[in-house]
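Below is one structure; the comments refer to it alone.
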Amino acid sequence: MNLFTKRVVFFTLVAAYVIYTSFVYTQGTFTENPITASASHGRQIFRENNCIACHQLYGLGGYMGPDLTNVISNKGQNYVRTFLEKGTAKMPDFNLKENEIRSLIDYLSYVDSTSNYPVRNFDITWYGSVNNNQIKK
Amino acid sequence: MKIRIGRLFIITGISSLSLALLFGVLAAIQFIFPEFIPEIAFYKARPLHVSLAVSWIFSIGIGAVYNYLEEQKIIRFRIAGLIHWLCYVLTGLLIIISYLTGTFGGREYWEFPPVLSIPILVSWLLFGIVFFSSVFKIKNWPVYLWMWATGIVIFFVTFLEANSWIFDYFSNSVVRELTIQWKSYGSLVGSWNMLVYGAGLYIMEKISGDESYAKSGIAFILYFVGLTNLFFNWAHHIYLVPASPWIGNIAYIISMTELFIIGRIIWKWKGTLSAAQKFHHKHPYIFLIASDIWVFLNLALAILISVPAINLYTHGTHITVAHAMGSTIGINSMILIAFILHHFSWTKSFWILIPFWIINLSLLFFWIALIGSGILKGIAVIDGVSSFQEIMISIEPVLKFFMYSGAILALGFLILLFHLLFEFLQDFPENIFGKTE
């Protein structure tokens, strides 16, 4: 493979990557419900206590604790509040203040509103892709 | 007297791995017994383990590049390289302190306060200046120079992308944030793979004495397949995040190009075996052969979990961990150890061969245990009958197996690392401060 060919292949791939990235940034990740100020504060609390080390959102994160994507609609706010206030044998009590707990619940409610996880109502095509039949929120 | 920058990074990498193993064992024990050493609870132990393991990979990968520049006597801006190392170590220490004190603020894998990303970027910029100014005049680059150049540039770009969440546009939607987070992480892993595989190819060239392969057409075809996957094959992480389906579809199609690499490994297997017989007495080579086997196993697993219908069951389970561990330990670490052994020409076989077998056999059990627990959890989660606690109780025996094999794996590594440190200290300080020119 001569240098010219290498350069052509390399810069073609780079150009494709730049175009692809611009599409991912602008077209591929649109959601209708933007985050609120309180939920945004909750997201900051979520990060500052490294909740993702043990928990998951959409299956991404640590596996010590349960996935939290739909914890609000599945278990309710009071259930979540109890865990945040007291901790458990596996989860430390992070000594969160009332406004921090409120914001965290708002953040989890926001995440809950974006879709469902895990997907349990689906069709599998012959070539291995999945049609998600669950009704999005 | 000139300080050997490559060796500073190598010793930093060995120290990082030693600590990563200790925190890894701690985190594995805490996974089963959460109240074990509560001062360094799981939410601190896990990022300590992960960051130090990443530091091991980057340190030796960077060390390999500096070692090449020093060996070829083409290194320029040596002082910038030394500042790079100092900046790298000091930032690493600050990150360790931030985790130990529970000072977080970032996201998974880069959990430290985001301000610490600045010295990381500065140090990487210095690395880029040293590398590109040193190799600029070389004609007809071998493929490992292409790989190192790609790794350096792509890390810089994807690390910036990984920090894009500090802008509201990227973080105001959880879907966009998760998508771009995992887009950057997928390519970022590709960037360190470029550094590590480049180092592997470089020492393979040295061991075999054959300089033609690194400039051959097939070497560049494989490089471009790797680059394509680095750019576009990351979305299997977010198949189940409600982003546009085309993102996942592109990744699914691109992931199948890895079949070409799998096919080539099978095709070349006989040649690999005969080369193994020829070079079996060379310790770096046995680690390279082990990495080849792990490439095959992990590539097969990666292709499987890239199929959306399978990913549906494996996503969010320990199969993802098996893939990560198999790649970072089985592939990256085997190549990096091979590089260290080759670089220092250490030959005391017993203290290398014993841990070699302990590491590889325990890693196999460790890997199988993770896949086993992942399969059980994946099926149970999709069934939706059992609660999270019931699922975790049902897979606990497999997780205990994972913990025990992980402890033996760490023991194997520690035996090897202490031997390497012992050998290193035998020649200290000449091996760091010796003349390079």
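Because the structure is predicted, anything quoted here is derived from the model rather than measured. Proteins get letters first, then strands, A, B, ... in listed order; numbering begins at 1 in each.
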Pick one of side chain, backbone, both or neither for [X], based on which atoms fall under 4.5 Å of a heavy atom in chain B.
X	result
A:Phe10	both
A:Ile124	side chain
A:Asn2	neither
A:Thr26	both
A:Tyr110	side chain
A:Thr21	both
A:Ala16	both
A:Leu3	side chain
A:Pro92	side chain
A:Glu48	both

Top contributor to chain A interface from [options] [non-hydrogen pairs under 4.5 Å]:
options	result
B:Val307, B:Val381, B:Val241	B:Val381
B:Ile310, B:Asn249, B:Thr228, B:Asp383	B:Thr228
B:Lys377, B:Lys44, B:Gln389, B:His318	B:His318

Is the distance from the ring center of A:Tyr20 to that of B:Phe232 below 6.0 Å? yes
For [X], is it the side chain, the backbone, both, or neither that has a heavy atom closer than 4.5 Å to a heavy atom of chain A?
X	answer
B:Tyr185	neither
B:Phe170	side chain
B:Ile218	neither
B:Ile391	neither
B:Ile382	both
B:Glu108	both

- Task: Can you label the angle between the B:Trp246 ring and the A:Phe23 ring as parallel, tilted or perpendicular, going by 30° and 60°?
- Result: perpendicular
Flag the pair [X] / [Y] as yes when at least one side-chain heavy-atom distance between them is below 4.5 Å, and no otherwise.
X	Y	result
B:Tyr43	A:Asn49	no
A:Phe122	B:Leu312	yes
A:Tyr63	B:Thr320	yes
B:Glu177	A:Arg43	yes
A:Met64	B:Phe31	yes

If you measure from [atom1] on [X] to [atom2] on [Y], what distance do you get to the nearest 0.5 Å?
X	Y	atom1	atom2	answer
B:Ser387	A:Lys75	OG	NZ	6.5 Å
B:Trp146	A:Lys6	CH2	NZ	6.5 Å
B:Leu227	A:Tyr17	CG	OH	10.0 Å
B:Lys215	A:Met1	NZ	CE	15.5 Å

For A:Val24 and B:Lys183, the nearest pair of non-hydrogen atoms, with its separation, is CG1-CD, 4.1 Å
On a heavy-atom basis, the closest approach of A:Tyr58 and B:Leu240 is CD2-O, 3.5 Å
Margin query: How about CD on B:Glu35, more than 12 heavy atoms from neighbouring residues, nucleotides or ligands closer than 6.0 Å, or not?
Written below: no
With chain B, the option among A:Leu60, A:Val14, A:Ile45 that has the most non-hydrogen atom pairs under 4.5 Å is A:Leu60
